[in-house]
Amino acid sequence: MTEAPPKVTLDLARDSGLTAEEYDRITSRLGREPTYAELGLFAALWSEHCAYKHSRAYLSRLPTEGPRVLQGPGENAGAIDIGDGWAVVFKIESHNHPSFIEPFQGAATGVGGILRDIFTMGARPIALLDSLRFGELDDPKTRRLVEGVVSGISWYGNCFGCPTVGGEVAFAPEYAGNPLVNVMCVGLVRADQIFRARAEGVGNPVFYVGNKTGRDGIHGATMASATFDESAAERRPTVQVGDPFTEKLLLEACLEAMKAGAVVGIQDMGAAGLACCTSEMPARAGTGMDVELSRVPQREVGMTPYEILLSESQERMLLVAGRGREDDVRRIFAKWELDAVEIGRVTAGGALTARLSGEVVAHVPVSLLADAPKYTKPTAPPGWLAERLAFDPLTLPEPPDYGEALLALCASPSIGSKEWVFRQYDQQVGINTLVLPGSDAAVLRVKGTPRALAVSTDGNGRHVFLDPRRGAAMAVCEAARNVSCSGATPVGVTDCMNFGSPERPEIRWQFAQAIDGIAEACRALEIPVVGGNVSFYNETSGQAILPTPIIGVVGVLEDAGRRATQWFKGAGHRVALLGLEHASLGGSEYLWRAHRRLGGRLAPLDLEAERKVQAAVRAAVSAGLVTAAHDCSEGGLAVALAEGCVTGREPVGLEAALDASGRGDHVLFGEGPSRVIVAVEPPRVREFEALMAESAIPWRWIGTTGGDRLVLRLGTKTIVDVALDRIERAWRSGFERHMA
Amino acid sequence: MRFGVVVFPGTWSDCDFHYVISEVLHQPVKYVWHRERDLDDLDCVVLPGGFSYGDYLRAGAVAGRSPVVDALRDFVARGGHVLGSCNGFQILCEAGLLPGALMRNECLQYRCQSTHLVVENVETAFTRGLRPGQVLTMPISHGEGKYHADPEALRTLKARRQIVFRYGEADGRVTRTANPNGSLENIAGIVNPEGTVLGLMPHPERAAEAAMGSTDGLLLFQSLLGSLVEDGSFLKR
Amino acid sequence: MKFRVLVRLKPGILDVQGAAVRKALAGLGFTEVSDLRVGKVIEIELDTATADAARARVGEMCRQLLANPVLEDYTIEMADDLARRGAVR
Amino acid sequence: MKFRVLVRLKPGILDVQGAAVRKALAGLGFTEVSDLRVGKVIEIELDTATADAARARVGEMCRQLLANPVLEDYTIEMADDLARRGAVR
Ligand SMILES: Nc1ncnc2c1ncn2[C@@H]1O[C@H](COP(=O)(O)OP(=O)(O)O)[C@@H](O)[C@H]1O
Ligand SMILES: [Mg+2]
């Protein structure tokens with residue numbers, strides 16, 4: 001019924017995305033031409049997506065070790081010890097391209113993929129966060145994308161039963177042709193019960209579990225082969241469809257099988273599906289695998305070995321069981337009404353052998369499949385950079401009315417409330433969420449312990465565009481600062497590197513610089529990177545997105561009861577600004593919203609100062625000295641203060657005097673790292689002052705809460721005096737008014 | 001008092017109810033698998049939230065025809081109590097254990113938010129400890145929570161005082177703006193005529209500890225515990 | 001044997017989704033739409049000896065599961081009735 | 001003029017709804033179902049002079065909004081074709 005596979009040639013190899021050198025390397029290492037199915041394996045496993053060819057060399061610069069690290073990069077997700085025998089498992093992943101093609105399913109399957117990465121480690125997912133970037137909302141196409149992506153995330157996460165507790169949404173024209181959908185998942189596991197994606201134990205049975213295999217998502221690049229008959233290709237959908245219900249069953253079945261002690265190793269069939277699992281799992285364990293493809297549960301008739309190996313159907317896993325535990329695996333999966341089929345065995349000798357009805361269709365050393373070439377090609381800063389940096393925002397006129405300028409900024413869709421988004425997400429299932437979306441970081445308790453976790457994702461493409469190194473370091477600082485503002489100590493980082501095509505030297509430069517920036521910041525703040533994801537080729541017709549590393553930080557609160565949120569709690573509280581008052585309009589939201597300019601220099605970043613400010617905030621929160629702590633990010637100090645006033649349940653006014661030495665727009669709207677505002681009740685003022693003195697950080701009182709207006713002064717001059725209800729209205733409608 | 005929390009494939013509030021009943025209320029509780037028919041050793045069965053069977057056809061449709069739900073008919077006839085929250089409410093309606101149906105939210109989107117519930121009937125096993133007009137704070141989290149009943153059914157509901165909770169403002173006014181999903185007359189929860197089967201869209205288990213922002217959800221359980229002890233029927237076991 | 005079941009909201013029940021689609025169409029310039037309702041179509045293939053028996057079974061499926069009698073009506077069609085109409089794309 | 005648009009997942013695309021309904025039916029004893037797919041039906045009434053013009057407009061609506069070309073196929077039927085089949089209940 002199936003026709004003979006096409007003959008493998010260099011042209012075919014090229015069509016499937018391999019270079020002549022790579023193909024050469026394959027034939028010489030194999031000592032022969034690969035079969036068609038083998039070519040498929042190489043094309044997929046040596047693709048940028050699976051092999052990190054252009055990024056591996058740089059990623060090794062990231063600090064990945066620390067006393068709490070239980071699992072660094074290289075597994076499905078990273079793991080950090082949080083005490084009392086518990087570990088937190090987390091990772092972030094992108095689903096940018098699929099979400100552009102089909103926003104709802106693309107985003108949904110992105111959630112599905114990252115959830116599986118977490119529960120294959122043996123962890124129960126407890127939280128999701130989503131970082132989204134889109135073009136400007138005045139384009140109806142963008143609005144439809146936003147709707148589709150948000151409802152896709154909502155559908156999958158809600159139906160599966162994992163709360164979505166945080167994230168970000170930002171808008172800039174550079175993302176119009178290539179939106180970003182990054183999803184982070186956090187899970188909990190007993191520290192001594194972490195599972196790994198290793199095919200240990202020669203002779204152990206290999207099980208295929210979960211949904212059936214269809215022709216979904218067979219790699220676009222490898223599919224564009226001239227020898228495919230046109231109409232057949234037409235029939236082959238590349239869009240994956242999510243099935244959160246099956247995923248939920250898969251979660252329960254996997255955790256139950258693990259608990260029963262039947263599981264040796266397990267991996268999610270994500271990108272490059274079965275091909276990836278059957279080579280990576282033995283490669284990590286120094287074993288081989290022999291699998292019979294005809295046993296793979298299939299949804300469609302007449303699938304070829306190539307298709308079975310490369311299908312990216314969702315909600316599937318490859319599980320290596322202990323010998324003799326076959327019936328336990330079958331029983332547990334049957335209970336959850338899922339397929340669990342033994343398709344092969346772990347072998348000695350280090351080869352992947354794939355058969356179709358006994359006949360060998362692929363036989364390759366897994367070490368070769370796992371050993372894709374690494375490239376470190378020359379990098380070069382983009383030619384346009386100098387001009388962008390030379391631009392001085394202070395050559396632009398000041399706004400005629402600072403109150404109006406602040407209102408306009410609060411109404412920017414990137415700054416305004418994202419309630420429209422997160423009210424579509426279940427935020428509480430699991431009853432752990434102590435701080436819901438809407439504050440700097442979400443906080444989740446760890447039941448059975450006094451502790452809680454705080455999580456945040458951050459990234460600012462404009463900053464990274466102007467200065468990839470400092471911008472990326474600032475993203476780490478911001479995510480960590482958000483976590484510190486809740487009172488938690490940052491303990492681990494995951495990063496999602498969204499960039500343009502690595503085939504261009506300037507993109508490689510942005511990438512390399514950003515990695516260096518992340519590495520520096522993580523070293524200074526002593527937080528290891530335990531996992532991440534690289535997404536290249538985010539461009540449309542040669543127009544790359546803003547380089548956007550999204551940083552996810554997880555922190556630990558030793559006492560869940562000692563935590564802070566960002567909004568002011570009542571009148572009469574003294575408000576202080578902690579940290580260096582270095583800010584810049586370069587790359588700021590204000591510069592873009594008010595003047596449609598992207599240029600200038602970023603504020604300086606002093607990592608030591610950053611570390612100290614964060615430590616001081618944490619100390620103040622854990623001593624119960626502050627009633628609110630809020631990080632200053634997009635929109636600068638004025639927006640942070642306005643948010644302190646209006647983002648809580650009851651608005652609270654404020655009168656504050658700011659640094660009079662700079663121009664108003666610079667002081668109010670300039671962006672920079674290491675700044676936090678806190679509120680202190682009068683009886684605690686002394687203690688707070690003593691603590692700050694001890695912390696040896698720059699800080700000062702700037703005002704007092706109360707009333708129903710936000711009043712800001714530069715020296716003695718009042719430059720903002722606006723009613724809170726106007727600010728609140730602007731902030732609440734900033735995003736939502738576009739989505740009606 | 002012995003509680004059973006039903007688990008369907010796709011249920012996710014099961015663990016939360018279990019936690020609240022055992023850790024907060026300190027009552028005996030066990031999970032009940034959806035294929036189970038034997039409910040003899042239970043006093044109250046909880047149908048929790050989630051997406052039973054993915055809710056891919058209609059919310060609660062498949063679960064409404066499952067063995068355990070079938071067994072609930074006898075259980076209720078024998079005087080057992082049933083609390084269905086969120087998906088549990090949808091299941092009770094689909095099974096015909098409560099009248100009416102739950103449709104897609106009028107906004108056509110999922111809604112997760114805090115709501116205020118105005119207590120209308122305090123003569124049910126679950127509300128006996130409350131005051132008429134009392135306002136409870138409890139979150140919702142659903143995509144299909146718009147209650148519907150035809151005019152005849154609505155008349156019957158009212159005549160038998162089966163409407164227990166309506167969505168309202170913090171001050172107890174029942175207004176259009178307080179209605180998060182377009183529910184008929186702001187209906188958030190109803191009971192059977194005997195007051196022993198309660199279905200509500202909000203999540204009492206998410207409002208059972210101060211750390212979660214409200215403890216009003218506990219009031220339903222406390223009413224139940226109080227009322228059952230008072231009436232004596234469960235003390236003997 | 002192939003059947004098609006159409007499940008629709010009963011007349012008199014507000015079809016919010018239909019109204020939203022109609023509004024979206026109007027926004028795209030399709031102002032001539034005077035009414036629009038959205039329902040479900042369930043296509044069932046089954047191995048049953050006679051058409052009558054099969055139709056009766058499908059009716060049973062509708063009553064037991066496919067439609068919610070509080071909200072929905074249903075229609076059962078046999079695929080042969082529909083043969084002459086060709087699919088677009 | 002009345003039209004009926006049937007929107008279905010393309011062949012080969014996982015129909016999670018269909019699979020779930022089929023399983024549920026089997027659980028209720030309807031084991032004879034060999035295939036089941038779930039789609040949408042959109043019933044449209046519109047004020048357009050000629051049937052051909054109307055059909056063309058409905059086709060346009062499908063392409064622009066009603067069907068998702070990445071995942072779905074659609075069929076357009078005119079209501080007159082369907083007149084003889086009566087609704088159940
Ligand atoms: N896509 C999203 N999903 C969930 N929560 C979000 C999303 N976008 C923003 N939020 C939440 O809204 C709040 C404000 O977000 P943002 O303005 O990005 O905060 P910050 O500047 O402190 O990082 C945060 O609590 C954040 O988690
Ligand atoms: Mg922040």
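Chain A is the first sequence line, chain B the second, and so forth, proteins listed ahead of strands; every chain is numbered from 1.
Interatomic distance, CD of D:Gln17 versus NZ of C:Lys40, reported as 6.5 Å (0.5 Å rounding). Separation of atoms CE (C:Met1) and CD (D:Glu32) is listed at 10.5 Å; rounding is to 0.5 Å. To the nearest 0.5 angstrom, C:Arg4 atom CZ is 4.5 Å from D:Leu6 atom CG.
Counting heavy-atom pairs closer than 4.5 Å to chain C, the top-ranked of the candidates D:Val5, D:Leu66, D:Leu36, D:Thr31 is D:Leu36. Contact tally against chain D (heavy-atom pairs below 4.5 Å) for C:Val38, C:Val21, C:Val7: the top residue is C:Val38. Residue with the most contacts toward chain C among D:Ala54, D:Cys62, D:Gly39: D:Gly39 (heavy-atom pairs, distance under 4.5 Å). Comparing D:Arg22, D:Arg57, D:Gln64 by heavy-atom pairs within less than 4.5 Å of chain C, the highest count is held by D:Arg57.
Closest approach of D:Asp47 and C:Ser34 over heavy atoms only: OD1-OG, 3.7 Å. Taking each heavy atom of C:Leu65 and D:Ala24 in turn, the nearest pair found is CD2-CB, 3.8 Å. Closest approach of D:Leu46 and C:Val33 over heavy atoms only: CB-CA, 4.0 Å.
Looking at D:Leu25, both its backbone and its side chain come within 4.5 Å of chain C, counting heavy atoms on both sides. At a 4.5 Å heavy-atom cutoff, the contact between C:Ile42 and chain D is made by backbone and side-chain atoms alike.
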